[in-house]
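Numbering of residues begins at 1 and proceeds along the displayed sequence. Note that these values count all heavy atoms, side chains included, but never hydrogens, waters or copies made by symmetry.
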Amino acid sequence: MANLAPSGFLNIDGADLEYRMIGPAPDAAPTIVMLHEGLGSVALWGDFPEQLQAATGAGVFAYSRAGYGGSSPVKLPRPLDYMHIEAQEVLPKLLDAIGFRRGLLVGHSDGASIAAIYAGSRQDHRLQGIALIAPHFIVEDISVKSIAEIKTAYETTNLKEKLARWHKDVDNAFYGWNGAWLDPKFRDWDISEYLAYIRVPMAILQGENDQYGTLRQAEIAREECYCPIDVTVVPAAGHSPHREAPEAALKTIADFAGAALRTDQPQAA
């Protein structure tokens with residue numbers, strides 16, 4: 001896509017998706033595409049995209065999926081395969097729309113799962129690596145327990161008011177995510193089959209005290225993947241190490257990006 005503005009909206013499959021583009025355009029440099037978590041948005045990344053751009057020199061493209069941030073709302077309830085739909089139907093069209101030539105996917109939580117499904121379901125030669133922050137490959141008891149607790153908090157505390165800062169239609173964002181994860185049928189959700197088909201390097205970053213998942217997720221990746229994997233456990237961090245321990249998270253992802261994208265960089269003597 002020529003002349004990609006620094007911010008705006010892209011229409012993908014009838015939904016207007018808000019985005020931000022930091023640094024060089026996709027036709028001028030590698031691009032890091034950021035996929036937010038189940039309650040995330042462009043804005044909720046904070047200044048992490050700017051920091052990642054400064055640390056890598058790559059362009060950074062962040063967007064809000066339909067139902068989140070300033071993007072179009074979605075029909076509820078979401079289908080239980082909503083992450084598959086995002087990875088296999090929406091994301092390919094978005095990458096084409098922005099003129100993605102080569103780069104990485106960086107995903108958090110749901111966004112990490114979407115990145116894994118994408119990388120494992122198509123051999124996209126433009127993709128040179130995926131960095132997954134607190135990914136889910138299966139549904140764990142700790143995930144369901146915490147997601148049930150946050151539903152209570154949303155309905156009984158000021159959490160809704162806090163989340164409304166980040167979402168135009170906060171109920172659409174919250175219940176679209178929460179309703180799917182708490183559906184009893186969602187306990188069977190399992191994307192580990194995609195891991196064996198990923199052909200690019202993978203970095204996994206997880207907080208030591210992640211309240212939504214255990215290190216079993218990283219173990220599954222080690223068991224199933226044939227691609228190179230780096231796992232970093234961030235001490236004392238929870239589900240969002242890029243917010244709770246930003247320096248450690250930035251260094252891990254920037255180092256991974258530098259290695260994965262080094263094909264256009266001068267080789268050390």
Colleague: Considering all heavy atoms of both residues, which atom of A66 and which atom of L17 are nearest to each other, and what is their separation?
Modeller: N-CD2, 3.5 Å
Colleague: Less than 3.5 Å apart, any donor N or O on the side chain of E18 or S64 sitting next to an acceptor on the other?
Modeller: yes
Colleague: Name every donor-acceptor pair, under 3.5 Å, that has one atom in a side chain of residues 178-186 and the other anywhere in the protein, sequence neighbours excluded.
Modeller:
from	atom 1	to	atom 2	distance (Å)
N178	ND2	I147	O	3.0
W181	NE1	Y82	OH	3.0
W181	NE1	D110	OD1	3.4
D183	OD1	K185	N	2.8

Colleague: Short question: side chain of E37, backbone of H108 - any donor-acceptor pair under 3.5 Å?
Modeller: no
Colleague: Are side-chain N/O atoms of Y118 and D124 paired as donor and acceptor at under 3.5 Å?
Modeller: yes
Colleague: Side chains of S109 and H136 only: does a donor on one sit below 3.5 Å from an acceptor on the other?
Modeller: yes
Colleague: Establish, from distance only, whether the side-chain atoms of Q217 and E140 form a donor-acceptor pair under 3.5 Å.
Modeller: yes
Colleague: Out of curiosity, D210 CG to I133 CD1, how far, rounded to the nearest 0.5 Å?
Modeller: 11.5 Å
Colleague: Quick one: does any side-chain atom of R216 pair with a main-chain N or O of G213 as donor and acceptor, under 3.5 Å?
Modeller: no
Colleague: Residues in side chain to side chain donor-acceptor pair (under 3.5 Å) with H242, at least two apart?
Modeller: none
Colleague: Quick one: ring pair (Phe, Tyr, Trp, His ring centres under 6.0 Å) pairs with a partner in residues 214-235, sequence neighbours left out?
Modeller: none
Colleague: Not counting sequence neighbours, which residues clear ring pair (Phe, Tyr, Trp, His ring centres under 6.0 Å) with F174? List them please.
Modeller: Y154, W177
Colleague: State which residues pass salt bridge (Lys or Arg N to Asp or Glu O under 4.0 Å) with E89; sequence neighbours excluded, sorted by chain then number.
Modeller: none
Colleague: Who pairs with D13 by side chain to side chain contact (heavy atoms under 4.5 Å, CB included), at least two apart in sequence or on another chain?
Modeller: V90, K93
Colleague: Less than 6.0 angstrom separating the ring centers of Y194 and H84, yes or no?
Modeller: yes
Colleague: Quick check for you: to the nearest 0.5 Å, what is the distance between Y19 atom OH and L4 atom CG?
Modeller: 4.0 Å
Colleague: More than 12 heavy atoms of other residues, nucleotides or ligands under 6.0 Å from CD of E155: yes or no?
Modeller: yes
